[in-house]
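Side chains are part of it too, since the values below use all heavy atoms of this structure and drop only hydrogens, waters and symmetry mates. Throughout, a chain's letter reflects where its sequence line sits, starting with A, and its residues are numbered from 1.
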Number of protein chains: 2
Amino acid sequence: MKISSAESVVMEALWRRSPLTSEAIMAEVCEPQGWTEGTVKVLISRLLKKKAVGAVAEGRRYLYSPLVSRQAYVGSESQGLLDRLFDGRLAPLVAHFSDSDKLSPQDVAELKALIEKIGK
Amino acid sequence: MKISSAESVVMEALWRRSPLTSEAIMAEVCEPQGWTEGTVKVLISRLLKKKAVGAVAEGRRYLYSPLVSRQAYVGSESQGLLDRLFDGRLAPLVAHFSDSDKLSPQDVAELKALIEKIGK
DNA sequence: CCTCTTGGATGACAGCTGTCAACGATGTGA
DNA sequence: TCACATCGTTGACAGCTGTCATCCAAGAGG
């Protein structure tokens, strides 16, 4: 069901490009995260058990692919945050960033363009 | 450091109104969450150990208050999500909701009003 | 055919989380 | 003063997480 934080690093690799062998996954995540191969192997098998990734045999090994889309993952994470903290609405979140001076002029411009496009 | 999900329910009660006795906290959270008193007691003491709440003696018991502001908590949770999933920027998050048809006309109107106010 | 390598499965383990019950000190009311 | 209620502290325990090492089967090379 739930994809943990470390697991999501593996998922991100697969969302960028798939299918991948475990070797390729390790090549992408071990160095940046400072993980050994053992760690990645366990993350992959936990993701398999959770049915978040699938595997097809390719000779003596597997090719792994996401079974959960990034869209769906990002959607449920975002919605969860909104529900927990902002009454499920988006505007209060944006207001929070604005109130905390976390918005650069560029952010504001991007948002403005976006909203106009949506409103259209 | 990190406030867990169950702990945040207790924090929300204290952010609404504080200081509170443990009795008052239980009155607010036990029923909605289906928790027994034991559960809440442990959550309070873990929050104390984490220095997320403080306590002052009042007779034979304590009055609890938040030491972490909701502002700060909400800020770090939101920033964390943005960093993990949206490259740290707000516009892609909003775009995601728009792309998934999760924005009601009211949401769009609220956002529009907000952006205009910010831009000013 | 035998050995070396490689990849997956498993076991291990500590720390955090959610959940609750039992204990012990300390007031409270009769 | 003595039993009773109350509140905080502890212990317990299962499940999830992050992290790694070890084992085993199966190919690959000689």
Close side-chain approach of B/Glu12 and B/Glu28, heavy atoms under 4.5 Å: no
Spatial distance of atom CZ (B/Phe97) from atom CG (A/Leu93) [nearest 0.5 Å]: 8.0 Å
Rounded distance [0.5 Å steps], OH in A/Tyr64 versus CG in A/Leu14: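 Separation between the atoms: 10.0 Å.
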When you measure from the side chain of [X], which nucleotide among [options] comes out closest?
X	options	answer
A/Leu43	C/dG8, D/dT19, C/dT10	D/dT19
A/Arg60	C/dT17, D/dC7, D/dG27	D/dG27
B/Lys50	D/dT19, C/dT17, D/dG18	C/dT17
B/Val42	D/dT10, D/dG18, C/dG18	D/dT10
A/Tyr62	D/dC7, D/dG18, C/dG8	C/dG8

Does [N] have OP1 or OP2 under 4.0 Å away from a side-chain N or O of [X]?
X	N	value
A/Thr36	D/dC20	yes
B/Ser4	C/dG18	yes
B/Trp35	C/dT19	yes
A/Arg61	C/dG7	yes
B/Ser5	C/dT17	no
B/Thr39	C/dG18	no

Tell me if the [atom1] atom of [X] is crowded by more than 12 foreign heavy atoms within 6.0 Å.
X	atom1	value
A/Glu23	CD	no
A/Lys50	NZ	yes
B/Tyr62	OH	no

[X] [atom1] - [N] [atom2] separation (whole Å):
X	N	atom1	atom2	result
B/Leu47	C/dT17	CG	C1'	12 Å
A/Met26	D/dA21	CE	P	13 Å
A/Gln33	D/dC20	CD	P	11 Å
A/Lys49	D/dT17	NZ	P	11 Å
B/Met1	C/dT17	CE	C1'	18 Å
B/Ile44	C/dC20	CD1	P	15 Å
A/Glu37	D/dC23	CD	P	17 Å
A/Glu58	D/dA26	CD	P	17 Å

Touch class at under 4.0 angstrom, heavy-atom based, for A/Glu23 against every strand present: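 It contacts sugar-phosphate atoms only.
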Position toward the 5' end of DNA chain D (nearest nucleotide), A/Gly38 or A/Ile3: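 Per heavy-atom nearest nucleotide, the more 5' residue is A/Ile3.
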5' precedence on DNA chain D between A/Lys41 and A/Lys2 (nearest-nucleotide basis): A/Lys2
hbond_proxy B/Arg46 side chain to D/dT10 base (donor-acceptor, 3.5 Å cutoff):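 It does not, because no donor-acceptor pair links the side chain of B/Arg46 to the base of D/dT10 below 3.5 Å.
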